[in-house]
2 protein chains.
Amino acid sequence: MGPSIYAIPLSGSSTMPRQLLTVDERRKLALIASIRRFSPGEFLFHEGEPATVIFNIIAGVAKSVSSLEDGRQAVVAFFFSHDLVGMFEASRYAQSTQAVTALTAYCLPIDALERMLRHDPNLQLHFLCKVSHELRAAQHQAIALGRYGALQKIGLFLDFLDRHPDMHTDDDDRITIPMDRADIADHVGLTIESVSRMLQQLHRTGVIQLDGRHRFRIINRCALNRLISGAMATDATLDAFIPEHNHSNGHTS
Amino acid sequence: MGPSIYAIPLSGSSTMPRQLLTVDERRKLALIASIRRFSPGEFLFHEGEPATVIFNIIAGVAKSVSSLEDGRQAVVAFFFSHDLVGMFEASRYAQSTQAVTALTAYCLPIDALERMLRHDPNLQLHFLCKVSHELRAAQHQAIALGRYGALQKIGLFLDFLDRHPDMHTDDDDRITIPMDRADIADHVGLTIESVSRMLQQLHRTGVIQLDGRHRFRIINRCALNRLISGAMATDATLDAFIPEHNHSNGHTS
DNA sequence: CGTCTACTTGAAGTGAGTCAATAATGGTGG
DNA sequence: CCACCATTATTGACTCACTTCAAGTAGACG
């Protein structure tokens, strides 16, 4: 079918992401695109390399990683199907990007793409819309990283996964966690241990059900929403929002 | 002269922001623009309002503020001359934006601007470039908020001010801090008290010199760079990087 | 079935937040 | 021009959430 870009449009009233490209635009983009596959852990490109292509993910998950000078790394963003990957500046990629799962993506050469955008303002407007969408996501992420507590960050992250149709692969309401704990930690600005503790806490208090390391289910959506809204941050307060939670388990003692 | 947009270009090799618009583009944009002035504290627009115009700052400083559900606020970004203000989505502004200082800006009606962008792909590409620039800035901010310590955040913020030519208004090397401590705190994800403490610490250790509440000077650029690079975070380690710092001055009295 | 890696759990340390008091600024009117 | 007051900033003592360090445990894979 050809490349596909989802985002919330700039104009109009829909507040849910939708396909930005017309059938015709997708067909035209397909003419300059090739399909590439990556294995888990494989790099799509490295930070600082000359930028030659942009990827449009068809299936799978990728992460953009920025190395902090002190050796740690920050996962700047995760990318799913219908996303564009390949942020660059001054002709060079701004971050390294790596496949998290097996990945299939359209590969769009930048020079051909730029020529196409220069001749097709409507198409270009769709790219502008997608980048704006990413900007708002990055701003939201910045707020979360700077102001939210550990539990809230994890709650928000689980909600983020829930919003992605790709993560609902099973026939039931279970949600896939494609990345490992270290990736989550580096994304939300916590340690692996804190991520684990918060997940277990949400599990213990009956907000979510953890089903192995890479799957979970939202049991109490109401409590999760309250958590995300930031009404509270401690587990004591959390318990108060859970209707019939058996207090005789967890809680030390 | 007409609207003006600075950013690091996507293509090319310059890694410093430069004027993206041609003289002709600026003249054409001036035809749809009007000039508006705002007093300190005045709102340019409010979050959720229907988006009708985008501002291009000529002089002064603005801040985009997002209200956290618990009553606190986050300063998502500060805007200076040559910046575009008026992020929107689904036809509505994404955040409230407020003048920090007296502000002069071009006011560009969105519908007229969109028509212009649809007819001028080169101009649109410059807007795409500017939004990409903001995206990278937001990602960088997210990393800083999530992973850096308080001292490093403040060091980074002072460096950010230093990079803006607008803040170098005096004939010497003093830099203006246009916003108050609360704005800084809400921007870097700290409390007012922590901002104050970190500023005083940098002052005490001779890295900067504070000159009133809204002005400072970088005394030891080397130490500041090391701080930003994240080599260390404590003041003990900081002292070690300061060659010949007279410990007998500062310190009250 | 065993080994390796990824994850979980616990105990102790620490950096930033909170609360509270003091000090500096800046604007206003005497 | 100076005294006053409201606002904004600084400083200190204490608390707590998250990190760090150190075991343990469970999945994944050969």
Side-chain angles (χ1 to χ4, degrees), chain A residues 40-41 68 70-72 100-101 144-155 176-186 188-204 208 210-216 227 230 232-238 249-253, chain B residues 39-41 68 70-72 100-101 144-155 157 177-186 188-204 208 210-216 227 230 232-238 250-253:
Chain A
L68 298 262
D70 59 6
R72 299 176 302 176
V100 172
T101 65
L145 283 163
R147 304 298 251 166
Y148 292 174
L151 198 56
Q152 209 172 346
K153 285 178 178 178
I154 295 300
T176 299
I177 305 174
M179 61 294 288
D180 61 21
R181 300 289 186 268
D183 285 336
I184 299 175
D186 286 343
V188 300
L190 294 172
T191 57
I192 297 174
E193 293 93 328
S194 287
V195 170
S196 184
R197 271 187 261 270
M198 298 305 124
L199 284 173
Q200 294 304 325
Q201 183 175 328
L202 290 174
H203 177 73
R204 272 203 317 278
I208 62 168
L210 283 169
D211 180 13
R213 295 171 168 181
H214 294 289
R215 200 142 289 155
F216 76 102
L227 175 61
M232 72 305 200
T234 69
D235 57 342
T237 23
L238 183 58
N249 52 15
H251 283 294
T252 68
S253 81
Chain B
S39 310
L68 297 263
D70 59 5
R72 298 176 301 176
V100 172
T101 64
L145 282 163
R147 304 298 249 164
Y148 292 175
L151 197 56
Q152 209 173 345
K153 284 177 178 178
I154 295 301
F157 182 74
I177 305 174
M179 62 292 290
D180 61 23
R181 299 290 186 268
D183 287 335
I184 299 174
D186 287 343
V188 300
L190 294 171
T191 57
I192 298 174
E193 293 93 328
S194 287
V195 170
S196 186
R197 270 188 263 271
M198 297 306 125
L199 284 173
Q200 294 305 324
Q201 184 176 328
L202 290 174
H203 177 75
R204 272 202 318 277
I208 62 168
L210 283 168
D211 180 13
R213 293 171 169 181
H214 294 291
R215 199 142 289 154
F216 76 103
L227 175 61
M232 72 307 200
T234 69
D235 58 341
T237 24
L238 183 59
H251 287 288
T252 70
S253 83

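Below, chain A is the first sequence line, B the second, and so on; all start at residue 1. Only a predicted model underlies this, so the values are computations on that prediction, with no experimental measurement involved.
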Task: Side-chain N,O (B/Arg197) to OP1/OP2 (D/dT10) below 4.0 Å - done: no

- [ ] May I ask you to verify if any side-chain N or O of B/Thr191 is less than 4.0 angstrom from the OP1 or OP2 atom of C/dA16?
- [x] no

Answer whether the closest heavy-atom distance between the side chains of [X] and [Y] falls below 4.5 Å.
{"X": "B/Gln201", "Y": "B/Leu199", "answer": "no"}
{"X": "A/Asp180", "Y": "A/Ile192", "answer": "no"}
{"X": "B/Leu68", "Y": "A/Tyr148", "answer": "yes"}

- [ ] Remember a base hit wins even if backbone is also touched, and classify A/Leu190 as base, sugar-phosphate or nothing at under 4.0 Å, heavy atoms.
- [x]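 The residue A/Leu190 makes sugar-phosphate contact but no base contact.
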
Open item on the list: By the 4.0 Å heavy-atom rule, please label A/Arg213 as base, sugar-phosphate, or nothing.
Closed with: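 Base, at least one base heavy atom under 4.0 Å.
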
Open item on the list: Taking A/Arg147 first and then B/Asp186, would you say they form a salt bridge - that is, a charged N and a carboxylate O separated by under 4.0 Å?
Closed with: yes

Open item on the list: So which atom in A/Thr176 and which in A/Arg215 form the shortest heavy-atom distance, rounded to 0.1 Å?
Closed with: OG1-NH2, 3.6 Å

Over how many whole Å does the gap from [X] atom [atom1] to [N] atom [atom2] extend?
{"X": "A/Leu210", "N": "D/dG27", "atom1": "CG", "atom2": "P", "result": "11 Å"}
{"X": "B/Met198", "N": "C/dG17", "atom1": "CE", "atom2": "C1'", "result": "11 Å"}
{"X": "A/Arg204", "N": "C/dT8", "atom1": "CZ", "atom2": "P", "result": "12 Å"}
{"X": "A/Gln201", "N": "C/dT8", "atom1": "CD", "atom2": "C1'", "result": "14 Å"}
{"X": "A/Leu199", "N": "D/dT25", "atom1": "CG", "atom2": "C1'", "result": "17 Å"}
{"X": "A/Arg181", "N": "D/dA26", "atom1": "CZ", "atom2": "C1'", "result": "12 Å"}
{"X": "B/Ile154", "N": "D/dT10", "atom1": "CD1", "atom2": "P", "result": "11 Å"}
{"X": "A/Phe216", "N": "C/dC7", "atom1": "CZ", "atom2": "P", "result": "15 Å"}

Task: Proximity to the side chain of A/Ala150 - top-ranked nucleotide from D/dT8, C/dT9, D/dC18 - done: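 Taking heavy atoms from C-beta onward, the closest nucleotide is D/dC18.
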
TODO: Find which nucleotide of DNA chain C each of A/Arg147 and A/Ser194 is nearest to by heavy atoms, and output the residue with the more 5' nucleotide.
DONE: A/Ser194

Task: First encountered from the 5' end of DNA chain D, between A/Gly212 and A/Glu193 - done: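 It is A/Glu193 whose nearest nucleotide is closer to the 5' end.
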
